[in-house]
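Comments concern the structure below.
Counting from 1, the numbers follow the sequence of the chain as shown.
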Amino acid sequence: QVQLVESGGGLVQAGGSLRLSCAASGRAFGNYGMGWFRQAPGKEREFVAAINRSGGSTLYADSVKGRFTISRDNAKNTVYLQMNSLKPEDTGVYHCAADPHYGLWSEPYKYEYWGQGTQVTVSS
(Lines give C-alpha, C1' and ligand atoms only; values in the text may rest on other atoms or scores of the structure.)
Protein backbone atom coordinates (compact mmCIF):
# COMPACT_ATOMS: atom_id res chain seq x y z
CA GLN A 1 0.00 0.00 0.00
CA VAL A 2 1.05 3.55 -0.75
CA GLN A 3 -0.68 6.46 0.91
CA LEU A 4 -0.62 9.81 -0.90
CA VAL A 5 -1.50 13.18 0.60
CA GLU A 6 -1.61 16.33 -1.51
CA SER A 7 -1.21 19.89 -0.26
CA GLY A 8 -0.58 23.37 -1.56
CA GLY A 9 -3.82 24.12 -3.36
CA GLY A 10 -5.72 27.36 -2.97
CA LEU A 11 -7.21 30.40 -4.67
CA VAL A 12 -4.97 32.41 -6.97
CA GLN A 13 -5.48 35.08 -9.61
CA ALA A 14 -4.82 34.37 -13.26
CA GLY A 15 -1.12 34.71 -14.00
CA GLY A 16 -0.16 33.62 -10.50
CA SER A 17 1.69 30.56 -9.27
CA LEU A 18 1.15 27.66 -6.90
CA ARG A 19 3.31 24.75 -5.84
CA LEU A 20 1.57 21.47 -5.07
CA SER A 21 3.18 18.76 -2.97
CA CYS A 22 2.31 15.08 -2.66
CA ALA A 23 3.76 13.21 0.31
CA ALA A 24 3.94 9.42 0.05
CA SER A 25 4.14 6.83 2.78
CA GLY A 26 4.16 3.05 2.75
CA ARG A 27 6.10 1.06 0.17
CA ALA A 28 9.35 2.33 -1.35
CA PHE A 29 8.57 5.61 -3.08
CA GLY A 30 11.38 5.11 -5.56
CA ASN A 31 9.64 2.05 -7.01
CA TYR A 32 6.84 4.17 -8.44
CA GLY A 33 6.45 6.59 -11.26
CA MET A 34 4.29 9.51 -10.21
CA GLY A 35 1.65 11.53 -11.96
CA TRP A 36 -0.59 14.52 -11.46
CA PHE A 37 -4.17 14.59 -12.74
CA ARG A 38 -6.92 17.15 -12.37
CA GLN A 39 -10.68 17.11 -12.52
CA ALA A 40 -12.95 20.10 -13.05
CA PRO A 41 -16.65 20.00 -12.11
CA GLY A 42 -18.62 18.08 -14.70
CA LYS A 43 -15.52 16.97 -16.57
CA GLU A 44 -13.49 13.79 -16.74
CA ARG A 45 -10.21 13.36 -14.94
CA GLU A 46 -7.42 14.85 -17.07
CA PHE A 47 -3.73 14.01 -17.21
CA VAL A 48 -1.41 16.87 -16.25
CA ALA A 49 2.14 15.56 -15.82
CA ALA A 50 4.17 12.45 -15.00
CA ILE A 51 7.68 11.72 -13.80
CA ASN A 52 9.58 8.44 -13.85
CA ARG A 53 11.08 6.64 -10.86
CA SER A 54 14.44 8.40 -10.92
CA GLY A 55 13.08 11.82 -11.84
CA GLY A 56 15.13 11.85 -15.02
CA SER A 57 12.19 11.83 -17.44
CA THR A 58 8.96 13.78 -17.51
CA LEU A 59 5.79 14.00 -19.59
CA TYR A 60 3.31 16.88 -19.82
CA ALA A 61 -0.11 17.51 -21.25
CA ASP A 62 0.02 20.00 -24.09
CA SER A 63 -2.22 22.36 -22.14
CA VAL A 64 0.37 22.84 -19.37
CA LYS A 65 3.64 22.42 -21.25
CA GLY A 66 5.96 25.35 -20.58
CA ARG A 67 3.94 26.50 -17.56
CA PHE A 68 4.02 23.53 -15.15
CA THR A 69 7.02 21.58 -13.86
CA ILE A 70 6.87 18.20 -12.15
CA SER A 71 9.74 17.11 -9.90
CA ARG A 72 10.39 14.63 -7.12
CA ASP A 73 12.63 14.21 -4.10
CA ASN A 74 12.98 10.50 -3.37
CA ALA A 75 14.79 11.20 -0.09
CA LYS A 76 11.69 13.07 1.11
CA ASN A 77 9.14 10.72 -0.53
CA THR A 78 7.55 13.74 -2.19
CA VAL A 79 6.54 14.78 -5.68
CA TYR A 80 5.89 18.40 -6.61
CA LEU A 81 3.99 20.31 -9.26
CA GLN A 82 5.12 23.88 -9.80
CA MET A 83 2.38 25.76 -11.62
CA ASN A 84 3.14 29.14 -13.18
CA SER A 85 1.12 31.49 -15.40
CA LEU A 86 -2.07 29.94 -14.13
CA LYS A 87 -5.27 30.30 -16.15
CA PRO A 88 -8.92 29.97 -15.08
CA GLU A 89 -9.11 26.73 -17.09
CA ASP A 90 -6.52 25.24 -14.73
CA THR A 91 -9.16 25.21 -11.99
CA GLY A 92 -9.95 21.79 -10.56
CA VAL A 93 -9.11 19.20 -7.96
CA TYR A 94 -5.54 18.04 -8.43
CA HIS A 95 -4.69 14.44 -7.56
CA CYS A 96 -1.33 12.76 -7.41
CA ALA A 97 -1.04 9.08 -8.27
CA ALA A 98 1.56 6.31 -8.06
CA ASP A 99 2.32 4.04 -11.00
CA PRO A 100 4.15 0.72 -10.49
CA HIS A 101 5.06 0.33 -14.19
CA TYR A 102 8.25 1.41 -15.91
CA GLY A 103 7.90 4.35 -18.24
CA LEU A 104 5.73 7.46 -18.33
CA TRP A 105 1.97 7.16 -18.58
CA SER A 106 -0.88 9.56 -19.14
CA GLU A 107 -3.65 6.95 -18.76
CA PRO A 108 -5.30 6.91 -15.33
CA TYR A 109 -5.69 3.11 -15.37
CA LYS A 110 -1.91 2.71 -15.22
CA TYR A 111 -1.86 4.27 -11.75
CA GLU A 112 -2.48 2.05 -8.75
CA TYR A 113 -2.70 4.50 -5.84
CA TRP A 114 -4.40 7.89 -5.66
CA GLY A 115 -4.52 10.76 -3.21
CA GLN A 116 -7.69 12.55 -2.16
CA GLY A 117 -6.77 15.71 -4.03
CA THR A 118 -6.27 19.40 -3.38
CA GLN A 119 -8.46 22.18 -4.79
CA VAL A 120 -6.93 24.75 -7.12
CA THR A 121 -9.07 27.72 -8.10
CA VAL A 122 -7.82 30.34 -10.56
CA SER A 123 -9.85 33.54 -10.75
CA SER A 124 -9.95 35.73 -13.84
Side-chain angles (χ1 to χ4, degrees):
Q1 286 282 347
V2 175
Q3 292 79 40
L4 303 172
V5 179
E6 302 94 338
S7 62
L11 173 64
V12 64
Q13 288 188 333
S17 298
L18 283 174
R19 188 194 196 203
L20 305 184
S21 298
C22 172
S25 60
R27 292 185 177 178
F29 180 66
N31 288 343
Y32 293 86
M34 298 297 296
W36 285 97
F37 292 78
R38 66 188 181 191
Q39 188 164 19
K43 293 188 177 181
E44 293 187 355
R45 188 166 293 185
E46 175 189 22
F47 170 74
V48 176
I51 190 166
N52 70 343
R53 297 179 179 196
S54 68
S57 296
T58 57
L59 178 68
Y60 295 94
D62 287 344
S63 59
V64 306
K65 203 172 293 183
R67 300 188 297 123
F68 291 11
T69 302
I70 188 171
S71 62
R72 66 188 295 163
D73 185 337
N74 285 350
K76 295 183 178 180
N77 288 0
T78 303
V79 62
Y80 305 97
L81 185 68
Q82 177 67 44
M83 305 186 295
N84 298 328
S85 303
L86 283 162
K87 304 175 181 179
E89 52 263 43
D90 294 319
T91 294
V93 177
Y94 282 68
H95 300 266
C96 67
D99 155 36
H101 306 92
Y102 285 101
L104 294 167
W105 306 99
S106 61
E107 297 88 348
Y109 76 88
K110 287 288 191 179
Y111 292 79
E112 187 170 358
Y113 300 103
W114 293 81
Q116 291 299 308
T118 184
Q119 176 70 46
V120 171
T121 303
V122 184
S123 63
S124 57

If you compare all heavy atoms of Pro100 against all heavy atoms of Glu112, which two are closest, and at what distance to 0.1 Å? CG-OE1, 3.3 Å

Verify the cluster assignment for Val120 and Val79: are they in a single hydrophobic cluster under the rule of side-chain heavy atoms below 4.5 Å apart? yes

Closest heavy-atom pair, Ala14 versus Ser124, reported as atoms and distance to 0.1 Å, is CB-CA, 4.4 Å

Looking only at the aromatic ring of each residue, does the gap between the centers of Trp36 and Phe68 stay below 6.0 angstrom? no

Could you walk me through whether Phe29 and Val2 pass the side chain to side chain contact (heavy atoms under 4.5 Å, CB included) check? CA-CA 8 Å; Phe29 180 66; Val2 175; 5.9 Å; no

Taking the side chain as everything from C-beta on, heavy atoms only, tell me whether Leu11 gets closer than 4.5 Å to Gln119. no

Flag yes if Val122 and Leu18 sit in one hydrophobic cluster, no otherwise; membership is Ile, Leu, Val, Met, Phe, Trp, Tyr, and two members link when side-chain heavy atoms are under 4.5 Å apart. yes

Sequence neighbours excluded - side chain to side chain donor-acceptor pair (under 3.5 Å) pairs with any residue from residues 5-18: Ser17-Asn84

Run the salt-bridge test on Asp62 and Lys65 with the 4.0 Å N-O cut-off and return the result as yes or no. yes

Would you tabulate the side-chain donor-acceptor contacts of residues 45-52 under 3.5 Å, counting partners in other chains and residues two or more places apart, or write 'none'?
residue: Glu46; atom: OE1; partner: Arg38; partner atom: NE; Å: 2.9
residue: Asn52; atom: OD1; partner: Gly55; partner atom: N; Å: 3.0
residue: Asn52; atom: OD1; partner: Gly56; partner atom: N; Å: 2.9
residue: Asn52; atom: OD1; partner: Ser57; partner atom: N; Å: 3.0

Is it true that, when you exclude Glu44 itself, more than 12 heavy atoms of the residues, nucleotides or ligands shown sit nearer than 6.0 Å to its CD? no

To the closest 0.5 Å, what do you measure between OG (Ser21) and CZ (Arg72)? 13.5 Å

With side chain to side chain contact (heavy atoms under 4.5 Å, CB included) as the test, would you mind laying out the steps for Trp105 and Leu59 before giving the verdict? CA-CA 8 Å; Trp105 306 99; Leu59 178 68; over 6 Å; no

Quick one: SG on Cys22 to NE2 on His95, what's the gap to the nearest 0.5 Å? 11.5 Å

Take the angle between the ring planes of Trp114 and Phe37 and call it parallel below 30°, perpendicular above 60°, tilted in between. tilted

So, the side chain of Arg53 versus the backbone of Asn31: is there a donor-acceptor pair under 3.5 Å, distance only? yes

Closest approach of Ala24 and Leu4, non-hydrogen atoms and distance? CB-CD2, 3.6 Å

Evaluate the side-chain proximity of Tyr60 to Ile70: yes if any heavy-atom separation is below 4.5 Å, no if none is. yes

May I ask you to test the Asp90-Met83 pair for a side-chain heavy-atom distance under 4.5 Å? no

Separation of Asn74 CG from Met34 CE (nearest 0.5 Å): 10.0 Å

How many angstroms lie between OG1 in Thr121 and CG in Leu86, if you round to the nearest 0.5 Å? 11.0 Å

